[in-house]
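The basis for the numbers below is simple: all heavy atoms, side chains too, and nothing from hydrogens, waters or symmetry mates. Order of appearance sets the numbers: ligands from 1, and atoms from 1 within every ligand. The chain is numbered in sequence order, starting from 1.
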Amino acid sequence: SFHKSKGQHILKNPLLVDTIVQKSGIKSTDVVLEIGPGTGNLTKKLLEAGKKVIAVEIDPRMVLELQRRFQGTPYSNRLTVIQGDVLKTELPYFDICVANIPYQISSPLTFKLLGHQPAFRCAIIMFQREFAMRLVAQPGDKLYCRLTVNTQLHARIFHLLKVGKNNFRPPPKVDSSVVRIEPRKPRIDVNQKEWDGFLRICFNRKNKTLGAIFRQKNVISLLEKNYKTVQALKLSQEGPLKETETKMDLSSLGDCMDDESMEMEGGTDDDDYEMEVEDDEAKEVQSEFKGKVLGVLKEADFEEKRSSKLSLQEFLYLLSLFNKAGIHFC
Ligand code: SAM
C-alpha cells in the first residue's frame, strides 16, 4: 500500500523512465543523486548510466525493498541509500540530480538544491505541471511570479517533457512535467536577504505599478526603518553592508508557493490603508523619505512598470539603484 502523504506515485511506464534518463545526459563518471527512489525503477537505469547513485528515501519500507532489489547484483556496491527526509539531510557531493519527487516538497527542495555547494551540473526533476510552468515562465506570462524570479536568479531552467497522470501508479490528481535546472556558474552576486525582501515587496501585488506599491504607507515606513538602522550603523562604523556569507542559505525562499496560493484574484486593496501619524515632524520626515524612494523609481523609469513584466536583469538593476541610494530591504 502506498502513503498518500509521502507522495508515493510510482512510475510504471518503462519508456518514460528511459526517456528521462536519456534526457538527463548522465556520464559514466557521474555521481548521481536520486531523491525518493521508491521501489527503484528509475534507480536501476541511473545505476546503468552513471558511476555511482546516492539515493535519499524517507520510507524505511522502501529502503528495505530497494536494498533487497539490488542485493547480490553488480550494482549493489555502486548504490548508497540514505534513509531520511531529504529536506533534513546534509547532501553529499553529486554531479547530477535525477528525481521523481513528492510534489509537496517542490519549493523547499528546489531552494535546497540551488543553495548546495559546490554547484552540481544539472538537476532533472519531475514536478507538478503548474509548478514546472512557474519555474520556466518569462516576464508577461500568467504564471510569472516571485518563485520564477527567485529560481531564475540561481539557475537556468528548461521544460523537457510533459507527463500525463496515467504514467504513475496510483495516478496523481495533477499532470506533471520534467524540467532541467542548471545552476548559474558563476553565481549572480547579490545579497540574498536584500533580494528576498525586495522581491516580497515587488510581488506583493504583482500586477500593480511599482509606483503604487512603493507609495504604500507600510512599505515606506518599513524602508525608512531599515534606512535609519543602516545610517546609524554607518555612523558607528560597523559597516553592515559587506557581510561575508560563507554558506548559502536559501531556506527562507522555500515558501514562495504559499504566498502565491494566498494571492487572491483582484485581492484586497492595500493602497488605501492609512497609517496613523504621531505628529507633524514624523509626517515631514516620512514624506521626505518617500520622495527619495519614488525618486529612485522615476530616475530609471520604473514607476509605471509592473513586476509581472519585469525581467530578472531589471529587478537586479532596480535593487542596485535602491541600495546605491542607501535604501535597503533587510
Ligand atoms: N522514484 C520512484 C518512481 O519514480 O517510481 C518513486 C517516486 S514517488 C513520486 C516519491 C518517493 O519519495 C516515494 O518513494 C516517497 O517515499 C519518497 N519521499 C517522500 N517524501 C520524501 C522526503 N521528504 N525525503 C525523501 N524521500 C521522500
Closest to atom 2 (C) of ligand 1 among Gly40, Ser176, Pro37 (heavy-atom distance): Pro37

Per atom 24 (N) of ligand 1, closest listed option by heavy atom (Asp59, Val86, Thr39): Val86

contact_flag Gly84 ligand 1 heavy-atom lt 4.0 Å: yes

Distance-only N or O hit between ligand 1 and Asn100, under 3.5 Å: yes

Protein contact to atom 27 (C) of ligand 1 [nearest heavy atom, distance to 0.1 Å]: Ile58 CG2, 3.4 Å

Nitrogen or oxygen of Leu11 less than 3.5 angstrom from that of ligand 1: yes

Partner of Arg69 by side-chain hydrogen bond (donor to acceptor under 3.5 Å, both in side chains), out of Asn41, Thr39, Thr43: Asn41

For atom 20 (N) of ligand 1, closest protein heavy-atom neighbour: Pro102 CG, 3.3 Å

Short N or O distance, Gly36 and ligand 1, threshold 3.5 Å exclusive: yes

N/O separation below 3.5 Å, Asn41 to ligand 1: no

Which residue and heavy atom of the protein sit nearest atom 13 (C) of ligand 1, plus the separation: Gln8 CG, 3.4 Å

Proximal candidate to atom 15 (C) of ligand 1 [heavy atom criterion; set Glu65, Met62, Glu57, Glu34]: Glu57

Heavy atom of the protein closest to atom 23 (N) of ligand 1 (residue, atom name, distance): Asp85 OD1, 2.8 Å

Leu87 near ligand 1 by a heavy-atom separation under 4.0 Å: no

